[in-house]
Amino acid sequence: MSLTFAARIDGHRIRCEIGTDRPLPAPVFCFSLMAAPAVVSGGVLVRRVAGYAEVALPDLAAGAVHELMLEHADPRYLPRNRAWLPLGAYLRLGRDCLPLPPGSDLGLREGAGPDAPKLDADRLPLVPQPSDWRASGGTLGFAALAPLAGLEGLADLAERSGFDPIIAPGGLTLAVTQDAALGGEGYRLTIAPSGLSVVVGGATGLHYAGVTLLTLRETCGGQLPCGKITDTPRFGWRGQHLDCARHFFGVDFILRLLDLMALLKLNRFHWHLSDDEAFRLEVESQPRLWQRTAFRGEGELVPGVFGGGIRAGGSYSKAEVARVLARAKALKIEVLPEIEVPAHSHGTVKALPGLRDPGDNGEEASVQGYIDNIVNPAMPATWEVLQPLTEEVAALFPFGMIHLGADEAPHGAWDGSPAVAALKAHEGLVTSDDMQGWMLAKLASGLVAKGWRVAAWEEAAKGVQGGIGNGALLFSWTGQGPGVEAARRGHDVVMCPAQSAYFDLAHTDHPDDWGAAWAGFVPLEKTVEWDPVPKGAEDIAPRIAGVQACFWGEFTTEDWQAEGMIAPRILGIATKGWEPAGRTDGAAIRALAGAYGPLFDRIGWRRYRGA
Ligand code: ACM
């Protein structure tokens with residue numbers, strides 16, 4: 001049998017053509033869009049779960065090409081590019097499922113791209129730029145360092161990345177001395193015609209000096225410019241987030257991402273392990289959670305939302321977590337696990353229905369279109385599950401911090417729950433924000449009492465009683481304003497404003513691009529054209545822990561598709577996390593991305609080269 005499928009944007013609609021060389025009686029077209037679909041013509045909508053839909057088609061004759069016109073149920077969402085076309089499409093015929101080919105090319109087209117502008121002569125081809133660089137003239141031929149304790153992680157990184165060995169017998173000696181004033185991550189590297197020497201603040205500073213030497217060897221063709229580099233980061237938190245719930249990224253991809261982060265001196269990996277579509281961690285306290293939600297699709301609790309297709313998914317074993325942690329440790333990266341509560345929990349409440357109030361008749365919908373994606377704080381089962389679960393997860397990660405989610409609770413959450421109404425009356429709470437804040441504070445205080453720190457998205461600060469409290473680290477994502485506000489109320493904050501730091505947003509508004517668009521588009525330049533401490537908020541500078549890029553996986557169906565979304569934009573986030581304000585502007589980061597092109601190619605990481 002041969003099936004064909006083509007999809008394209010047609011104004012504000014999506015035109016689909018399904019062809020068959022055999023007769024197909026009463027097929028059901030199953031697929032997902034970025035937002036809840038509606039049928040304009042060509043079929044009848046029979047089921048919808050968030051962006052996933054099933055559409056009954058008429059009998060298709062052999063040789064027929066059937067046309068189906070779709071749009072988004074919410075007319076505010078316009079299809080913007082190929083990522084907004086149906087993903088994971090298949091036909092159901094009775095009990096059989098027949099996969100359809102992709103309706104258009106999947107993933108970002110890398111493009112040839114314009115020539116990168118030339119790097120200014122006073123800049124090193126290095127990201128992030130060092131705090132201070134004084135050229136002294138001349139070059140030093142550099143192939144490798146002589147064996148040196150403390151650079152084992154660097155040596156392995158170079159080997160895995162496909163570079164020549166950075167540690168080799170007969171290599172140049174790196175003379176090391178200590179100066180605690182440089183801080184744990186700082187270093188002062190002297191490159192002279194006669195050789196190399198470094199002063200470090202600690203073990204991480206030595207590792208970063210090694211990363212600088214490795215990078216300059218690659219970007220300068222083995223001839224290091226002579227001079228003195230003095231280098232310390234502006235922020236302690238320099239993060240990259242990865243949504244492994246919507247798309248199950250293989251462990252090997254995660255390890256490669258850690259390697260890329262390490263080359264840019266990023267030091268926090270935010271591992272998003274649960275969301276509406278799946279719970280990915282093989283926890284012992286609640287095996288049903290991952291056993292019943294790790295895969296989605298036909299016959300599963302969660303259908304093929306966000307490109308899940310007939311069946312997709314996976315879960316991370318504790319042995320796999322240990323592999324990620326070992327790699328992270330060798331690269332001086334801490335791992336922050338995230339378990340989402342109370343919202344973004346559709347799969348969780350499907351797997352554990354006791355976490356919902358059976359009397360809840362509310363129909364509040366999440367942004368993604370779920371009407372049942374929030375656990376109920378008035379159910380005793382919620383606490384019997386969440387307390388041991390979050391403790392088990394926190395204990396698994398040596399960083400000592402766990403992220404509890406807290407974003408995007410549906411408007412009017414729990415308004416239909418009599419149990420929550422009684423709890424609100426008892427606790428003096430009125431709104432959903434009050435209720436969420438109370439719940440997070442309760443969960444957080446248990447964790448903090450046992451020695452862990454908690455983190456959450458910006459919404460966790462809401463609520464009449466002060467929200468999550470408990471010294472939580474908050475992540476400002478809808479912009480920087482909520483982060484500034486939270487900082488003024490005493491929270492430490494990581495700035496990850498979508499407008500500059502969300503790598504799931506398309507690079508441009510071109511319909512042939514790929515990615516989300518809710519906060520605009522994020523060309524490379526925008527990743528540096530902002531300040532983590534915004535103008536007028538200098539008073540809260542000490543509360544800004546740092547910056548982070550996020551990659552959400554709604555439209556990712558294969559690991560490789562994330563690469564061109566992350567690179568080269570990850571250069572911008574590394575820049576913001578490390579450099580003093582204003583050091584590298586849009587033109588300079590574009591030139592640096594050009595200098596890093598061969599390096600990305602060498603490590604086999606796809607990069608977007610369009611405008
Ligand atoms: C988020 O992007 N919903 C944190």
Side-chain angles (χ1 to χ4, degrees), residues 34-36 50-51 77 83 237 239-247 268-280 305-306 336-348 364-370 373-375 401-411 413 432-433 436-437 440 454-462 467-468 472-483 485-486 491 493-506 515-522 526-527 530 545-556 562 565-566 569 573:
M34 201 97 90
Y77 298 123
W237 191 289
Q240 175 68 53
H241 151 288
L242 187 69
D243 171 8
C244 295
R246 273 58 174 277
H247 173 67
R268 299 285 184 268
F269 173 56
H270 177 163
W271 198 354
H272 187 78
L273 287 161
S274 77
D275 213 300
D276 288 309
E277 293 74 22
F279 188 98
R280 299 283 183 211
V305 189
F306 291 139
L336 171 71
E338 179 183 355
I339 301 299
E340 277 264 27
V341 293
H344 281 290
S345 297
H346 174 75
T348 295
E364 70 274 8
S366 73
V367 189
Q368 286 78 12
Y370 291 100
N373 85 331
I374 190 155
V375 301
M401 193 188 300
I402 179 170
H403 193 299
L404 300 172
D407 59 319
E408 297 187 309
H411 187 67
S432 304
D433 287 342
Q436 167 163 295
L440 291 164
V454 293
W457 299 107
E458 66 191 38
E459 292 95 323
K462 295 183 182 174
I468 188 169
L473 177 68
L474 297 185
F475 288 68
S476 189
W477 66 277
T478 60
Q480 292 185 264
E485 221 173 284
H491 285 282
V493 168
V494 173
M495 289 291 184
C496 48
Q499 300 79 0
S500 312
Y502 266 33
F503 294 168
D504 53 308
L505 296 183
W518 67 268
F521 304 96
V522 183
K526 273 180 86 175
T527 64
W530 64 293
V547 306
Q548 179 169 291
C550 296
F551 182 79
W552 297 97
E554 284 93 334
F555 47 85
T556 299
M565 302 301 283
I566 290 172
R569 294 187 286 196
I573 282 303

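Along the sequence shown, residues are numbered consecutively beginning with 1. No experiment lies behind these values; they were computed from the predicted model shown. Counting convention: from 1, in listed order, for ligands and their atoms alike.
In this structure, the side chains of Leu473 and Trp237 come closer than 4.5 Å at one or more pairs of heavy atoms.
In this structure, His403 and His270 have tilted ring planes: the angle between them lies in the 30° to 60° band. The aromatic rings of Trp552 and His241 sit tilted, their planes meeting at an angle between 30° and 60°. Under the 30°/60° scheme for interplanar angles, the aromatic rings of Phe551 and Phe555 are found to stand perpendicular.
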Report all N/O contacts between ligand 1 and the protein shorter than 3.5 Å as a table of atom names and distances to 0.1 Å; if there are none, say 'none'.
from     : atom 1 : to     : atom 2 : distance (Å)
ligand 1 : 2 (O)  : Tyr502 : OH     : 2.6
ligand 1 : 3 (N)  : Asp407 : OD2    : 2.6
ligand 1 : 3 (N)  : Glu408 : OE1    : 3.4

Could you walk me through whether Phe503 and Ile573 pass side chain to side chain contact (heavy atoms under 4.5 Å, CB included), step by step?
CA-CA 10 Å; Phe503 294 168; Ile573 282 303; 3.5 Å; yes

Pair Trp457-Glu338, side chain to side chain donor-acceptor pair (under 3.5 Å): steps then yes or no
CA-CA 10 Å; Trp457 299 107; Glu338 179 183 355; 2.9 Å; yes

